[in-house]
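Everything on this sheet refers to the single structure shown next.
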Amino acid sequence: MATFKPKFIKPETDDAIADGGGNQEPQNSAFVFNANHNLGLVEQRERLPIRKYRDQILYCLENFQVVILVGETGSGKSTQVPQYLYEWGWHSKGMIGITEPRRVSTVTLANRVAQERGELVGDTVGYVVRFLERTSNDTHIKFMTEGILLRELLADPLLTQYGVIIVDEAHERNMLTDMVLGLLKKILRKRSNLKLIISSATIDASFFSEFFSWPRSGAEANQLISVKLSIEGRMHAVSHFYLNEPCADYVRETVETVWKLHQKEPPGDILAFLTGQEEVLEAMDLLREYIASQETTNLKVLPMYGSMTSNDQLAVFFTPPKGVRKVVLATNIAETSITIPGIVYVIDCGYVKVKWYNPTTCSDSLVVVPVSKASAIQRAGRAGRVRPGKVYRLYTKQDYDALAPRQPPELRRSEMSGAVLQLKALGIGNVLRFDFPSPPPAQNLLSALETLYALDAIDEQGELTRPVGFLLAELPFSAMLSKMLYVSGQMGCAEEIITIIAMLQVQSVFSRPASAAAQQSGRIAHRHFEVAEGDLITLLNIHSAFVEEGMTKEFCGQYYLIYRNLKRACELREQLLNLARKKYGIAIFSCKGDVEMVCKCITAGFFTQVAYLHHSGVYRQISSGTELAIHPNSTLYTLPQAQYVVYGELLQTTKLFMNHVTVIKKEWLTELAPHYYQQTTVRD
DNA sequence: GAGCACTGC
């Protein structure tokens with residue numbers, strides 16, 4: 001099509017391809033193509049791209065304390081490097097520990113490595129994730145989640161059991177990754193015999209090598225601490241195309257690009273990235289208009305976003321019939337979490353929706369911002385998995401060049417009270433001076449310290465209090481929920497509070513179907529559990545009903561609930577009950593239907609997050625007077641407004657919305673948090 | 001009347 005080509009220019013040099021070749025394998029692919037799947041395990045190991053780097057890796061580890069391994073997951077580094085170290089005898093200096101960001105990959109990798117060694121997992125190769133442990137005295141290669149290593153640090157601050165630590169997927173820069181890296185830096189300076197391997201994406205390698213460098217004295221003064229090692233990957237080349245001029249409406253531009261691509265380009269499926277559900281649905285409608293204008297339709301358009309039911313999501317994994325092209329309009333879910341097969345063309349709108357913590361209002365904002373280069377590269381890489389592909393970026397080459405290298409890491413965008421508590425428990429007195437890989441805004445740390453002080457977890461000097469502070473640091477959830485649990489032990493309703501906490505740990509239990517009719521039925525079904533006290537008591541009701549009805553899928557189907565999440569909440573609940581009783585000595589009693597008691601415990605955790613009904617008819621934050629609204633997802637949205645409520649979280653979108661809302665009585669505030677609420681500050 | 005996406009102790 002003549003009108004199509006001039007819109008995009010191909011960069012004159014191919015350095016855009018070289019630097020943006022998509023050399024990043026998704027972290028947690030649902031599908032990993034293995035060309036050697038019918039070879040024996042030994043031959044498979046020999047054929048992996050990483051094999052030819054083995055001696056180099058071992059050499060670097062002999063000579064440097066920190067090795068930064070740059071390359072993709074498909075290169076086999078997560079499974080092979082631990083084995084190379086073991087085969088070379090590194091385990092004689094202590095265990096080889098590998099941290100992973102997720103439970104599933106931890107278990108899968110351990111199983112795979114054990115299998116390659118012809119052993120059962122739990123022997124030489126073991127793993128530890130929350131609630132699951134497969135290790136023995138013979139375990140020398142130990143896979144674990146980052147959270148587990150952090151917990152081990154509490155008992156063994158110098159990690160004396162370990163000779164080498166491998167931090168896998170470090171470029172993800174989760175909150176825990178950053179905590180672990182900051183703490184490891186401290187340890188490495190004290191223990192010169194501890195080695196660290198960081199697995200990273202290209203874009204972050206220099207950052208890590210700068211972070212892991214510090215002055216040394218004597219003969220070693222000029223010797224570098226870290227070294228970078230790049231491992232080539234197996235991706236196909238991706239050609240990059242840009243707009244000549246910025247576009248005004250990227251949803252429309254996406255649709256037009258899909259259509260032109262479809263007319264002009266050879267077969268191959270299309271994946272388009274948009275920022276949210278609303279845009280995906282809008283683009284679907286626009287594209288349907290194009291399709292309706294044609295006589296024959298050989299284009300299959302599919303949406304893909306997180307809140308779709310998993311059944312609807314499955315549609316994108318099917319191969320379309322011959323002669324039909326599949327177009328997937330997706331949110332960021334397709335960037336790393338889900339790998340859609342058959343994609344040859346990618347359209348990148350250039351924006352992403354992110355959550356951002358605002359310490360002045362203690363709320364999260366949901367904002368649309370330009371993507372980072374790392375994301376743009378990751379998105380483009382989705383086109384090069386099956387054969388050479390093409391990416392169409394709906395912005396100019398100049399705009400691309402000006403993009404930030406990466407999104408600020410999670411730790412800089414999040415509420416910090418949990419992290420601060422952890423650091424305090426590890427003996428780091430002044431968290432403002434802790435060496436974070438990317439320091440969070442001081443404001444975020446100060447706001448976390450204020451919260452912890454209000455919860456009575458730290459004293460005026462910033463020291464952890466006994467018993468509350470130390471208990472809160474040990475409990476595996478947020479400081480406010482931990483406080484709630486602590487108080488519930490004293491008030492005799494820990495059973496109910498543990499249920500509520502477990503329900504809050506899992507993703508939403510409410511199913512939200514795509515069709516309008518089903519949405520309406522779902523809403524009516526959910527009303528069955530709703531109570532005037534609010535969302536947390538509603539969750540309590542759902543849990544009881546689920547258990548009473550035999551925890552069946554049928555029950556969930558009938559009431560539009562997500563079985564998978566409810567079942568996980570029940571498992572979590574059982575384990576929390578055990579943990580609270582055995583490890584923390586919390587008395588587990590049920591208040592047997594005394595709802596007021598449960599609401600009081602909720603208040604004891606959330607008392608810093610209170611809103612009162614202003615005479616103008618809107619809610620205001622009690623501490624600041626800021627206007628707040630009940631989130632439409634809350635059960636209280638449709639009920640008459642109560643005078644006082646506490647909330648679990650604030651989200652800024654079109655308004656400042658309160659979520660997880662519970663109705664309270666004003667008197668409880670001065671009763672449960674007298675140090676925080678002087679009688680006079682509680683308004684009527 | 002509104003919902004980027006995840007993960008962990």
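All of these numbers come straight from a predicted model, not from anything done at the bench. Letters go in sequence order (proteins before strands), and every chain restarts at 1.
- Ser508(A) comes within 4.0 angstrom of no nucleic acid atom, judged by non-hydrogen atoms across all strands.
- As rounded to whole Å, 9 Å separates atom C1' of dA2(B) from atom CD of Gln277(A).
- Distances shown here put a side-chain N or O of Arg103(A) below 4.0 Å from the OP1 or OP2 atom of dC9(B).
- Residues satisfying the side chain to side chain contact (heavy atoms under 4.5 Å, CB included) criterion with Gln507(A), sequence neighbours excluded, are Asn565(A).
- Residue contacts for Asn174(A): at a heavy-atom cut-off of 4.0 Å it reaches no nucleic acid atom on any strand shown.
- Nucleic acid contact class of Val129(A) (heavy atoms, under 4.0 Å, all strands): sugar-phosphate only.
- At dC9(B), one or more side-chain N or O atoms of Thr145(A) fall inside 4.0 Å of OP1 or OP2 (strictly under the cut-off).
- Between Thr275(A) and dC4(B) there is no side-chain polar atom (N or O) within less than 4.0 angstrom of OP1 or OP2.
- OP1 and OP2 of dA2(B) both lie 4.0 Å or more from every side-chain N or O belonging to Thr653(A).
- At the heavy-atom level, Leu150(A) lies nowhere under 4.0 Å from the strands shown.
- Partners of Tyr162(A) under the ring pair (Phe, Tyr, Trp, His ring centres under 6.0 Å) rule, at least two apart in sequence or in another chain, do not exist in this structure.
- Side-chain proximity of Lys355(A) to the nucleotides dG3(B), dA5(B), dA2(B) is greatest for dA5(B).
- Between the side chain of Arg151(A) and the base of dC9(B), a donor-acceptor pair under 3.5 Å is found.
- Between Gln505(A) and dG8(B) there is no side-chain N or O to OP1 or OP2 distance below 4.0 Å.
- Counting non-hydrogen atoms under 4.0 angstrom, Glu410(A) reaches nothing in the nucleic acid.
- Around the CZ atom of Arg134(A), the shell of radius 6.0 Å holds no more than 12 heavy atoms that belong to other residues, nucleotides or ligands.
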